[in-house]
Every structure is written in structure tokens, then in C-alpha cells.
Amino acid sequence: MASTLLSTQVTSDGTAVSDAATDFGKITALNIQCKFTAGSGGTSFKVYLQTRVDGSNWYDIACFAYTNADAVQYQSVNAQAAVLTPVALTDGALADNTAVSGFIGDALRVKHVTTGTYTGAAVVVAVDAKN
């Protein structure tokens, strides 16, 4: 099931989170596309796709990092991948342009962190959830 989790203008410095999306059913894999239109100004922009497994705590499963150039990036996360070594769970701290497979919980959301003030910038995060 394809869905847009976030489509917004990027203006002020700071951190924001989207509403939780819970209408996917049992997700076994995610294809994620993140499109950033840089506009002008700003220093850095990071997008974290997050999930929860306990109903309340959010953890990063993908991170997209941008600066001052337009870009469309893609990542995938596989919930059925074996996790043989414990992975530290992070909230807004996953390494730039990485993803963590092995778990996808009951909901998804997007956290984005803006450093500096962008003018005319925008971001769209879309996912294709596989059941």
C-alpha cells in the first residue's frame, strides 16, 4: 500500500514530527522515497522515518540527510531480516543515509530536523508498505 506520510514546506529551524500512520496492517517490508527541494538558505535537513513497537516509544528505522541541493533518495527496510547483533535504538540520531532492518512496529511517523532557515524548501516522504 502506497502512502504519503509527509508533504510540507520547510522553513524554520527546529524539530517537528508528523502524525502517526497506523492503517498499514502487518508490515513486512517498506520502500521509502524522500524528496527534498532545497530552496535557498539553511544548513542541514534530516528526515527520520520512525516506528514504535511498544505503543509509545519511537525509534528510527531510516535516515535521509540533505544540505543545500535538491535530491530524491530511496531506502528499504525489511522487517523479516534477522538481527543477529543487538542494535541500539535511536530517536533522531540514526547515522546519515542509513536504514535499520529487522523490525517495523504498529505505526509509522516522520521526524525532521532543520538547521538554519530555508526559503522555498519542501519535503515529501512516501512509503510503499508490503504485507
Side-chain angles (χ1 to χ4, degrees):
M1 169 200 299
S3 179
T4 299
L5 294 181
L6 179 69
S7 180
T8 190
Q9 296 294 311
V10 177
T11 55
S12 60
D13 197 40
T15 301
V17 295
S18 69
D19 292 334
T22 59
D23 57 347
F24 294 105
K26 175 81 172 139
I27 301 171
T28 59
L30 279 172
N31 296 316
I32 313 152
Q33 177 182 293
C34 188
K35 179 181 180 181
F36 179 66
T37 305
S40 63
T43 304
S44 71
F45 185 74
K46 294 187 183 185
V47 175
Y48 300 94
L49 180 64
Q50 298 185 315
T51 193
R52 65 182 186 199
V53 293
D54 61 4
S56 61
N57 294 299
W58 291 93
Y59 302 108
D60 306 327
I61 56 174
C63 174
F64 298 89
Y66 302 95
T67 55
N68 298 71
D70 295 354
V72 178
Q73 296 178 324
Y74 167 86
Q75 292 188 51
S76 63
V77 176
N78 182 353
Q80 298 178 326
V83 179
L84 303 176
T85 304
V87 174
L89 299 176
T90 61
D91 179 359
L94 189 64
D96 291 356
N97 300 316
T98 61
V100 177
S101 286
F103 76 100
I104 301 172
D106 67 341
L108 300 171
R109 78 173 187 183
V110 177
K111 174 183 266 191
H112 60 87
V113 180
T114 308
T115 303
T117 301
Y118 286 91
T119 301
V123 64
V124 178
V125 179
V127 296
D128 182 22
K130 305 295 183 188
N131 301 95

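Computed from a predicted structure; not experimentally measured. The figures that follow rest on heavy atoms only: side chains count, while hydrogens, waters and symmetry mates do not.
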Main-chain N/O of Ala99 paired to Gln75 side chain as donor or acceptor, under 3.5 Å: yes
Which heavy atom in Ala21 sits nearest to a heavy atom in Leu5, and how many Å separate them? CB-CD2, 3.7 Å
Side chains of Phe103 and Val87: does their closest heavy-atom pair fall under 4.5 Å? no
Results of side chain to side chain donor-acceptor pair (under 3.5 Å) for Asn57 - residues two or more places apart only: Asp54
Does any non-hydrogen side-chain atom of Leu108 lie less than 4.5 Å from one of Leu30? yes
For Asp128, check side chain to side chain donor-acceptor pair (under 3.5 Å) against everything at least two apart and list the hits. Lys130
Working to the nearest 0.5 Å, report the span between CD1 of Ile104 and OG1 of Thr51. 7.0 Å
Minimum heavy-atom separation for Gly39 and Asp70, please, with both atom names. N-OD1, 4.2 Å
Going by heavy atoms in the side chains, are Thr11 and Thr117 under 4.5 Å from each other? no
Atom CG of residue position Asp19 - does it have more than 12 heavy atoms of other residues, nucleotides or ligands inside 6.0 Å? no
Assess whether side chain to side chain contact (heavy atoms under 4.5 Å, CB included) is satisfied between Thr15 and Lys46, documenting all intermediate values. CA-CA 9 Å; Thr15 301; Lys46 294 187 183 185; over 6 Å; no
Nearest heavy-atom neighbours spanning Val53 and Gly105: CG1-CA, 3.9 Å
Among residues two or more places apart or on two chains, list those pairs meeting side chain to side chain donor-acceptor pair (under 3.5 Å) that have a residue in residues 25-38. Asn31-Tyr74
Ignoring hydrogens, what is the shortest heavy-atom contact between Ser76 and Ser101? Give both atom names and the distance. O-OG, 4.3 Å
Taking 4.0 angstrom as the limit, do Asp91 and Lys111 come out as a salt bridge? yes
Partner set under side chain to side chain donor-acceptor pair (under 3.5 Å) for Ser44, not counting sequence neighbours: Thr115
Leu6 and Ser18 have their tightest heavy-atom pair at CD1-CB, 4.3 Å
Ring pair (Phe, Tyr, Trp, His ring centres under 6.0 Å): which pairs involve residues 4-58, sequence neighbours left out? Phe36-Phe45, Phe36-Tyr66, Phe36-Tyr118, Phe45-His112
Side chain to side chain, Cys34 and Val123, heavy atoms closer than 4.5 Å: yes
Residues in side chain to side chain donor-acceptor pair (under 3.5 Å) with Asp13, at least two apart? none
Can you tell me if Thr4 uses its side chain to pair, donor with acceptor, with the backbone of Ala126 under 3.5 Å? no
Stepwise, does the side chain to side chain contact (heavy atoms under 4.5 Å, CB included) test hold for Gln73 with Asn97? CA-CA 9 Å; Gln73 296 178 324; Asn97 300 316; 3.4 Å; yes
Show your reasoning for whether side chain to side chain contact (heavy atoms under 4.5 Å, CB included) applies to Val100 and Leu94. CA-CA 9 Å; Val100 177; Leu94 189 64; 3.6 Å; yes
Specify the closest pair of heavy atoms between Ile32 and Val77, including all atoms of both residues, with the distance to one decimal. CD1-CG2, 3.8 Å
Within the side chain of Asp60, is there an N or O that forms a donor-acceptor pair under 3.5 Å with the backbone of Ala62? no
Looking at Asp106 and Arg52, does any basic side-chain N land under 4.0 Å from a carboxylate oxygen? yes
